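Quantities reported herein were computed from a predicted structural model and do not represent experimental measurements.
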Amino acid sequence: AENTGDASIAEDAKKEWAIENTSLSVCIMRMINPVISGTAFSADTATGCRGTDRKDLVSIDASYGLGEAVVGGMVTPDKFYVFQRDDGSEVVVEKVQPGAVYRWALSLAQAEEVAKGVRSISAAYGGMIMDTEFCLDAADRLWFVQARPETRWNEEFEQHPDSIFMRRLEVDPKELESAEVVLEGNGASRGAGQGTVKYLRSALELNKIHKGDILAAERTDP
């Protein structure tokens with residue numbers, strides 16, 4: 001109303017948001033004490049790949065304890081890619097993490113159960129790529145504590161429904177022979193890039209980042 005100078009807009013807003021026309025709901029959620037937690041997407045978040053024509057691929061990151069450790073980057077989680085067999089049963093492809101090959105956070109049966117749940121959630125949302133968070137309690141019960149549409153690939157596929165997205169630029173194998181490994185870990189997005197590395201100690205230093213820079217920090221939290 002202030003921008004347009006039209007007082008009727010403000011009057012209509014007051015009527016619409018009047019206390020007698022406004023409802024308030026309170027959501028009470030059960031707190032889960034997780035033994036294992038993680039995230040699960042109904043696609044490969046690095047490439048947008050959804051598996052076969054059935055769109056059956058589920059990408060899982062799991063670790064022990066609270067899910068905050070996974071989403072906040074405090075741990076390097078176990079990685080699972082789960083596909084569906086032609087007969088409807090599951091196929092699990094595991095990515096073994098160096099130094100953590102002795103025990104997986106999820107058993108194969110648990111990974112299959114998570115994948116089935118994610119596919120059901122995706123189907124309930126019209127087949128959209130879903131970003132979910134899950135946990136298993138001490139009784140081995142599976143809980144999905146969050147589900148929302150994935151923010152990047154749904155938009156890409158909506159704008160370019162007939163496009164096939166290939167993997168991003170990879171490091172030249174010849175360059176790898178002489179390259180120095182400074183740090184290792186799971187990247188949120190696969191591919192190679194180049195730029196000036198800027199190490200930030202807090203969010204107050206974000207003004208130091210410019211287009212094309214590479215952000216380095218102890219951890220990031222969306």
Side-chain angles (χ1 to χ4, degrees), residues 22-32 34-63 66-73 77-95 105-137 139-168 186-191 220-222:
T22 305
S23 299
L24 178 66
S25 61
V26 178
C27 178
I28 301 176
M29 299 180 65
R30 178 175 178 176
M31 295 299 293
I32 309 301
V35 176
I36 301 167
S37 302
T39 61
F41 291 79
S42 54
D44 179 2
T45 54
T47 63
C49 175
R50 302 200 65 182
T52 66
D53 292 339
R54 295 192 302 270
K55 297 181 179 179
D56 56 352
L57 172 61
V58 175
S59 172
I60 303 172
D61 291 278
S63 186
L66 297 174
E68 172 64 19
V70 175
V71 300
D78 294 336
K79 185 73 175 183
F80 299 82
Y81 291 105
V82 185
F83 297 83
Q84 197 170 42
R85 301 180 193 270
D86 291 336
D87 60 4
S89 58
E90 307 292 334
V91 179
V92 179
V93 180
E94 305 173 358
K95 182 179 179 182
L106 294 177
S107 68
L108 300 188
Q110 289 171 330
E112 292 171 357
E113 185 179 7
V114 171
K116 290 178 180 178
V118 173
R119 292 195 196 99
S120 297
I121 294 171
S122 178
Y125 280 80
M128 297 182 69
I129 298 175
M130 297 301 295
D131 172 358
T132 72
E133 294 186 17
F134 68 91
C135 59
L136 288 100
D137 61 19
D140 202 31
R141 290 174 296 188
L142 173 62
W143 302 83
F144 282 95
V145 295
Q146 173 181 292
R148 63 183 180 183
E150 190 271 342
T151 53
R152 182 194 174 191
W153 288 107
N154 284 314
E155 182 177 352
E156 291 277 12
F157 290 133
E158 182 178 358
Q159 295 178 355
H160 310 284
D162 300 320
S163 297
I164 298 177
F165 293 89
M166 306 300 290
R167 293 179 64 183
R168 294 179 180 83
N186 283 353
S189 182
R190 184 183 297 118
T220 60
D221 190 338

Exercise. Which residues pass the salt bridge (charged side-chain N to carboxylate O under 4.0 Å, His left out) test with R141, sequence neighbours left out?
Worked result: D137
For this session: Return the set of residues passing salt bridge (charged side-chain N to carboxylate O under 4.0 Å, His left out) with D140 (not counting sequence neighbours), or none when no residue passes.
Result: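 D140: no salt bridge (charged side-chain N to carboxylate O under 4.0 Å, His left out) contacts found.
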For this session: For the residue pair D78 and L106, establish whether any side-chain heavy-atom pair is separated by less than 4.5 Å.
Result: no
Problem set entry | S42 side chain reached by R50 side chain, heavy atoms, under 4.5 Å |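 R50 vs S42: side chains touch.
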Exercise. Checking S122 side chain against V118 main chain: does a donor-acceptor pair fall under 3.5 Å?
Worked result: no
Donor-acceptor pairs under 3.5 angstrom involving side-chain atoms of residues 123-130: please list them, not counting sequence neighbours.
none

Closest approach of [X] and [Y], non-hydrogen atoms and distance?
{"X": "A115", "Y": "V58", "value": "O-CG2, 3.8 Å"}
{"X": "A111", "Y": "V82", "value": "O-CG2, 4.0 Å"}
{"X": "I36", "Y": "A62", "value": "CG2-CB, 4.4 Å"}
{"X": "E133", "Y": "V71", "value": "OE2-CG1, 3.8 Å"}
{"X": "S59", "Y": "D44", "value": "CB-CA, 4.3 Å"}

Exercise. Distance from T39 atom OG1 to Q146 atom CD, nearest 0.5 Å?
Worked result: 10.0 Å
For this session: Measure the spacing between OG1 of T132 and CZ of R148 and express it to the nearest 0.5 Å.
Result: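 Going from the OG1 atom of T132 to the CZ atom of R148 covers 10.5 Å.
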Excluding sequence neighbours, so at least two apart, what forms side chain to side chain contact (heavy atoms under 4.5 Å, CB included) with [X]?
{"X": "C135", "value": "I32, P34, S37, W143, V145"}
{"X": "L142", "value": "E113, V114, F134, L136, F144"}
{"X": "S107", "value": "A109, Q110"}

